[in-house]
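First up is the structure itself, then whatever we jot down about it.
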Amino acid sequence: MSRENVVWVDGVVCSTEAAGVSPVAHGLHYGTGVFEGVRCYATSQGPAVFRLPEHLARMKRGADALAMPFDEAAVTGGVVDLLRANGLSEAYVRPLSYYESGGLSLDVAPLHARHLVAAMPWKSHLGSTEERGGVRLHTSSVRRTAASAVPPLKLCGNYVNAILAKLEATRAGYDEALFVDEQGYVCEATGENVFFVKDKQVIAVAHPDALPGITRATVLDLSGGVERAVTLEELRDADEIFLTGTSAELAAVGTFDARRLAPGPVTRELARLYQAAVHGESELSRGWLLPISAS
Ligand code: PMP
């Protein structure tokens, strides 16, 4: 079993193959699961996980929505055990809890949940776009699932909505899709929250249907920016636009529909501050990092 080819499943580190998934797993058929995207960074104290309690608190809210038992302490232990076992100094970490067995009824009461953690090397999924002059962002015709229909948490099945928007964007030659609601308010991208800069002020888009992003909260702390509702019209007039997410980190938008934007100085400076924070080189980030070796 190669060191990287391991996962943590309900208390045990095993090979990916040994983990197995039933062809009649409830989560496979209906998307009845909740996941997180977390990152582990190299720091002067060795590998350390960024804001794990915040990620697992959000995951717990998703599990509660599905009436699924979820033990934050056990999954924290799983993340640590897995990262010690795989020896990765930097990794993208994926805790996933889903209904595995107990039938295919839509009543979840009799079902049994499984909790697992996977980890892999993964650079920013929008990272390569930086070299091409920033993310090419496309205003989607697909609407974001309303919070009144599915709570804005990382519930597995709800990602089909994001995937449909992403498909439309990539087919049109863009990298990423922007959700806008019926009233013309900006919501979020498929896997990132949206920020913009106008006259040097940093503004985080606020929308009830958007995921409450942990990178967004971090960047608000680092920038002293404000959050508020933003119309598409206002975003079109921005000096700089950037996207935030655990996987994407802080990604400058270089094309917004037909408009070209130069990745600007405020975005560049915040990206630098964010990298310092996640690598433990900032005063602010001390309480945000869980070292794998010392815990
Ligand atoms: N919105 C959506 C839909 C996402 O999937 C993500 C990624 N988790 C984000 C925003 C950014 O959230 P975070 O900064 O917590 O990763």
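In listed order, ligands and their atoms are each counted from 1. What you see below is based on every heavy atom in this structure, not just the backbone, and it leaves out hydrogens, waters and symmetry mates. No experiment lies behind these values; they were computed from the predicted model shown.
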**OP:** Among residues two or more places apart or on two chains, list those pairs meeting salt bridge (charged side-chain N to carboxylate O under 4.0 Å, His left out) that have a residue in residues 217-227.
**Re:** Arg216-Glu227
Original post:
Quick one: do Asp257 and Arg236 make a salt bridge, cutoff under 4.0 Å?
Top reply: yes
Subject >> Side-chain donor-acceptor contact under 3.5 Å, Asn5 with Ser15 >> reply: no
Subject >> Pocket residues of ligand 1, ordered first by chain and then by residue number (heavy-atom cut-off under 4.0 Å) >> reply: Arg58, Arg144, Lys154, Tyr159, Glu188, Thr190, Gly191, Glu192, Asn193, Leu211, Gly213, Ile214, Thr215, Thr244, Gly245, Thr246
Subject >> Results of side chain to side chain contact (heavy atoms under 4.5 Å, CB included) for Ala42 - residues two or more places apart only >> reply: Glu90
Original post:
How many angstroms lie between NZ in Lys60 and CG in Leu153, if you round to the nearest 0.5 Å?
Top reply: 12.0 Å
Original post:
Who passes ring-ring contact (aromatic ring centres under 6.0 Å, His included) against His138, sequence neighbours left out?
Top reply: Tyr174
